[in-house]
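Accompanying notes for the structure given below.
Chain letters run A, B, ... following the sequence lines, proteins first and then strands; every chain starts at 1.
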There are 2 protein chains.
Amino acid sequence: MYDVLIVGLGAAGYTAAIYAARYKLKTFIVGFEDGGMGLTAAEVGNWPGDIDIKGPDLMERFKKHAMSFEEVTHKIGRVEKIAKKGDHFAITLQSGDVVEGKTVIFATGSKKRHLGVKGEAEFSGKGVTYCATCDAFFYKNKDVAVIGGGDSAVEGAAIAAQVARKVYLVHRRKEFRAEPYWVDRVKARDNVIFVLENQVQEIFGEGKVKGLKLAKPFEGNDTLTLDGVFIEIGSDPSVDLSNQLGCVTDEKGFVTVKPTQETSVPGVFAAGDNTNASNYFAQFTTAAGEGAVAANGVFNYLSTVKVEGGYMG
Amino acid sequence: MYDVLIVGLGAAGYTAAIYAARYKLKTFIVGFEDGGMGLTAAEVGNWPGDIDIKGPDLMERFKKHAMSFEEVTHKIGRVEKIAKKGDHFAITLQSGDVVEGKTVIFATGSKKRHLGVKGEAEFSGKGVTYCATCDAFFYKNKDVAVIGGGDSAVEGAAIAAQVARKVYLVHRRKEFRAEPYWVDRVKARDNVIFVLENQVQEIFGEGKVKGLKLAKPFEGNDTLTLDGVFIEIGSDPSVDLSNQLGCVTDEKGFVTVKPTQETSVPGVFAAGDNTNASNYFAQFTTAAGEGAVAANGVFNYLSTVKVEGGYMG
């Protein structure tokens, strides 16, 4: 029986594991994607103290840190089911293994949104991908499009522009939500072509992507000829597992957490991009902060002596 | 005129500066103690990705990161006054310099609590200090006492025990609030003497500390003969400046913040140990997370186009 089961191998999960271990809690951490959304950041730039680091490298450091504690058991695997079992919780992995714990932290993050247009599913993995920064390097001297206007779209376009021949940045608005840092970066590249106030209507190809059809003509033509399409239109919180326990979500679909990161279900906590904490601001820093608070919440929950509020050093 | 004035040179302030700079905001960051409470952590251990780092070194990395952006102006100095001036804010430094900005982030952290016993003020700096981990190394082969039961007290005792001859750990309760990690560390040292369920009544000396008087006898004697007394009984939020602007505080004295880290005063944000966010859990991780959210809040506040809720990549 573990003290805490942490589901998710991203910044929130690993930070929760580090804190839980320092509280001497017997900790099981599991997930199917080692590194979580952190894997998608080609250049991080805003993890304080590391001016320049790649997302996967940062996540590797988080993982090593968590695994440096003997209290932490780490497993890569998909959690299929979670259920309350008496006064504790049991998770069932895809492998059939069942693991039990006194408390749970859902650090399940978010999953990339789909456009929902014709051809998207057909060409998924055949030129259509959901992580520009992960996949751009496979498109050397090719023509690609990035769809979206947030940080990951604009960062993706900037990264892709370093290798691709042409990068179309297709965005339904005129303004970007992305950090101006990234907007300036793409504006400085002469191989990024802005297709603004326009939308993708269809992705077409033959075995693999050949291009996309726009909702209205761009420079007299409503199709773009392409080798790759990177869809970066945001993410939705991953709440399938926390829903199985009945954790309440808000109107946007995020797990509602208390200041302790506890969910509506006693003993069940959540941290990271799947929660409504940190003003929904999905960053390494906020995930880490929430992970720390969640582990502290678990420690207090399991302690007979509750810790009083206020900073006590 | 700066876009944002950040008061405080700790983890929250520097993280806010990094994020503000990436938003291309003209940023002024100022404080009188470069590194903030981070300076007091001899061994951090829970900053994810750095298994072993000293607090001052981590804060130096935060600072270098913030100062790598041309958008950031950095100044060491005490802010004496802050006032609303038309639609913006003006801070007056001890030097007399006045600096103006459109928004403010208070990252002023917290200050160490005093015992309030006889002799404490008299011998302050003469054997009485408020940071065991900072000062322990001056007490090689001496006898010292650490007062308190939280993380900084128990960590302080563990660090002091590496150099001092004897370390008395005086705590008013029987149980520690500290991370078990640290409690185990002190228990493993045979030169740490636990003085539990007892309190300091007086600190005495002659020019410098010679000992302390306990509320009740310990091993038949109500005095301890000492060369140093480290008082580590927690901290109180530093809210003098935010009070000048009328920022609402909660019943515990912490600045009340919204999910955006905005205070009750429009355009004024707060992040770190001085706020009621992150369940009052004062950590590098939580300070960094709050600093990021505050800078994002400032960016949205200054943008004509408000960013919609939800993670949009």
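- Heavy-atom proximity under 4.5 angstrom to chain B picks out A/Asp50, A/Ile51, A/Arg61 from residues 50-61 of chain A.
- Between chain A and the options B/Asn276, B/Thr260, B/Thr286, B/Leu25, heavy-atom pairs under 4.5 Å are most frequent for B/Thr260.
- For the options A/Gly289, A/Pro259, A/Pro48, heavy-atom pairs under 4.5 Å to chain B are most numerous at A/Pro48.
- Residue A/Thr285 holds its OG1 atom at 10.5 Å from CD of B/Glu290, rounded to the nearest 0.5 Å.
- Heavy-atom proximity under 4.5 angstrom to chain A picks out B/Thr15, B/Ile18 from residues 8-18 of chain B.
- For the atom pair CH2 of B/Trp47 and CH2 of A/Trp47, the computed distance is 3.5 Å after rounding to the nearest 0.5 Å.
- Taking all atoms of both residues into account, the shortest heavy-atom contact from A/Ala292 to B/Phe281 is O-CE2, 3.4 Å.
- When each of B/Ala288, B/Gly45, B/Gly148 is checked for heavy-atom pairs under 4.5 Å with chain A, B/Gly45 comes out on top.
- How far CD of A/Glu179 is from CG of B/Asn296: 9.0 Å, rounded to the nearest 0.5 Å.
- To the nearest 0.5 angstrom, A/Trp182 atom CH2 is 11.0 Å from B/Lys24 atom NZ.
- For B/Ser278, the parts lying under 4.5 angstrom from a heavy atom of chain A are both the backbone and the side chain.
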